[in-house]
Amino acid sequence: MIVISKQQIVEQIHQDWLQQPQSQICIAIFDYLICSNFQNLSHITYGSLRKVVGKSYDNRDLLTAVQYLCGDRTHLLEAKFELIDNDNYFEISDDEMTEARETGQLLHPETGKLIRNFEDKVFIYFQPSSVVKNLA
């Protein structure tokens with residue numbers, strides 16, 4: 001396993017984004033991940049990331065930055081999916097989500113029944129990756 005430092009991650013972000021808004025967004029999110037109590041970071045929503053970076057950036061820039069942070073280049077965030085059904089929460093694996101997107105069908109993890117309009121009931125959230133955990 002390659003050990004990477006906080007400074008190397010910051011340099012990588014600056015190198016990849018230069019003066020674009022995503023550079024500042026990624027650094028703000030990285031700082032949030034490093035400085036927060038790790039137990040409070042098990043369920044990071046897009047809304048909580050919006051609060052971290054503030055309203056001075058548009059949603060497209062934030063989305064692009066989050067995609068980058070989930071990608072192989074830095075891999076600071078892991079995207080997770082959950083089905084919310086009648087106040088019950090069910091984790092949906094990446095494979096299940098990929099298959100649902102390809103086929104247009106998602107089966108309920110508990111009942112096995114087809115979920116109509118699953119896109120309206122499945123939500124994304126994020127967790128710090130092992131890279132962040134090793135730096136914390």
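Hydrogens, waters and symmetry mates are skipped; everything else that's a heavy atom, side chains included, is used. Quick caveat: nothing in here was measured; it's all calculated off a predicted structure.
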Item to check | Gln8-Gln12 side chain donor-acceptor pair, cut-off 3.5 Å | outcome: no

Checklist outcome for this item: Excluding Leu18, membership of its hydrophobic cluster (Ile, Leu, Val, Met, Phe, Trp, Tyr; side-chain heavy atoms within less than 4.5 Å) reads none

Value rounded to 0.5 Å, distance of [atom1] in [X] from [atom2] in [Y]:
X	Y	atom1	atom2	value
Thr64	Leu69	OG1	CG	11.0 Å
Ile92	Ile84	CD1	CD1	10.5 Å
Met97	Glu119	CE	CD	7.0 Å
Leu41	Lys133	CG	NZ	10.0 Å
Glu99	Leu106	CD	CG	9.0 Å
Leu62	Leu49	CG	CG	6.5 Å

Next on the checklist: Please determine whether residues Leu33 and Leu63 belong to a single hydrophobic cluster, defined as Ile, Leu, Val, Met, Phe, Trp and Tyr linked transitively by side-chain heavy-atom distances below 4.5 Å.
Outcome noted: yes

Next on the checklist: Ile115 vs Leu107, test: side chain to side chain contact (heavy atoms under 4.5 Å, CB included). Steps then yes/no.
Outcome noted: CA-CA 6 Å; Ile115 301 170; Leu107 299 179; over 6 Å; no

Would you please name every residue forming a side chain to side chain contact (heavy atoms under 4.5 Å, CB included) with [X], sequence neighbours left out?
X	answer
Gln19	none
Lys6	Phe30, Ile34, Leu135
Ser23	Ile13, His14, Trp17
Asn37	Gln39, Asn40

Checklist entry - Sequence neighbours excluded, which residues qualify as side-chain hydrogen bond (donor to acceptor under 3.5 Å, both in side chains) partners of Asp31? => result none

Checklist entry - Which residues pass the ring-ring contact (aromatic ring centres under 6.0 Å, His included) test with Phe81, sequence neighbours left out? => result none

Checklist outcome for this item: Residues passing the salt bridge (charged side-chain N to carboxylate O under 4.0 Å, His left out) test with Lys80, sequence neighbours excluded, are Glu78

Next on the checklist: Could you work out, with salt bridge (charged side-chain N to carboxylate O under 4.0 Å, His left out) as the rule, every residue matching Asp16, not counting sequence neighbours?
Outcome noted: Arg73

Item to check | Candidates Leu76, Thr74, Ile9 - the one meeting side chain to side chain contact (heavy atoms under 4.5 Å, CB included) with Val132 | outcome: Leu76

Item to check | Listed once per pair and sorted, the side-chain hydrogen bond (donor to acceptor under 3.5 Å, both in side chains) pairs that draw on residues 108-118, sequence neighbours left out | outcome: Asp85-His108

Next on the checklist: Show me the pairs that pass side-chain hydrogen bond (donor to acceptor under 3.5 Å, both in side chains) and involve residues 46-56, at least two apart or across chains.
Outcome noted: Thr45-Ser48, Tyr46-Asn59, Arg50-Asn59

Checklist outcome for this item: For residues 116-136, the ring-ring contact (aromatic ring centres under 6.0 Å, His included) pairs (sequence neighbours left out) are His43-Tyr125

